[in-house]
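Residues take their numbers from the sequence shown, with the count starting at 1. Just the heavy atoms: all of them, side chains too, but no hydrogens, waters or symmetry mates, feed the values below.
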Amino acid sequence: MIDPYESALDAIPGAHPYPRTSRYHDAEIGVHRLADGTEVRYTKRRLLPPLSEAAGETAPHTVSSGERPDHLGQRYFGDPGQWWQIADANPVLDPQELTAEPGRTIDIPLPGGFHG
């Protein structure tokens with residue numbers, strides 16, 4: 001369940017640097033201070049948990065010809081921008097690798113499952 005106060009904060013510009021649906025929502029924000037004292041904010045590296053922690057929290061999907069990561073995001077999560085959850089569950093650097101080979105079986109995170 002989404003906290004109603006947190007939802008209210010999403011409507012305030014600058015309250016969250018990334019929306020709740022972004023893969024960077026929970027990423028730590030760092031601050032670098034330049035020689036003149038100016039602070040530069042940046043998003044720290046986002047590391048994935050070991051895949052062994054996600055075992056049993058995915059379902060198989062066989063890739064069809066013409067599918068794309070955003071199609072899978074829409075189909076399984078109702079949002080094409082959520083393709084990154086599928087990429088996180090299948091250790092690929094380029095999300096296009098997920099659907100490049102028709103017939104390949106990939107893992108789809110189940111609701112409440114793998115969240116890198």
Exercise. May I ask you to test the His32-Arg41 pair for a side-chain heavy-atom distance under 4.5 Å?
Key: no
Quiz item: Any idea which heavy atoms bring Asp70 and Trp83 closest together, and the distance?
Solution: N-CB, 4.1 Å
Quiz prompt | With sequence neighbours excluded, residues passing side chain to side chain donor-acceptor pair (under 3.5 Å) with Thr38 | solution = Asp36
Practice problem: Apply salt bridge (charged side-chain N to carboxylate O under 4.0 Å, His left out) to Asp79 and list each qualifying residue two or more places apart in sequence or on a separate chain. | Solution: none
Quiz item: Of all residues at least two apart in sequence or in a different chain, which pass the side-chain contact (heavy atoms from CB on, under 4.5 Å) check with Phe77?
Solution: Gln82, Gln85, Ile86, Pro109
For a quick test of your reading: what N or O donor-acceptor pairs under 3.5 Å do the side chains of residues 95-107 make, sequence neighbours left out?
from   : atom 1 : to    : atom 2 : distance (Å)
Glu97  : OE2    : Asp94 : N      : 3.3
Thr99  : OG1    : Glu67 : O      : 3.2
Arg104 : NH1    : Glu97 : O      : 2.7

Quiz item: Linking Ile, Leu, Val, Met, Phe, Trp and Tyr by side-chain heavy atoms under 4.5 Å, what else ends up with Val31?
Solution: none
Quiz prompt | Test salt bridge (charged side-chain N to carboxylate O under 4.0 Å, His left out) applied to Arg33 - qualifying residues, sequence neighbours left out | solution = Glu39
Exercise. Go through the steps to decide whether Ile29 and Thr43 satisfy the test side chain to side chain contact (heavy atoms under 4.5 Å, CB included), and finish with yes or no.
Key: CA-CA 5 Å; Ile29 303 299; Thr43 303; 3.8 Å; yes
Exercise. Is it possible for you to say whether Leu72 and Val92 belong to one hydrophobic cluster, with membership spreading through side-chain heavy-atom contacts below 4.5 Å?
Key: yes
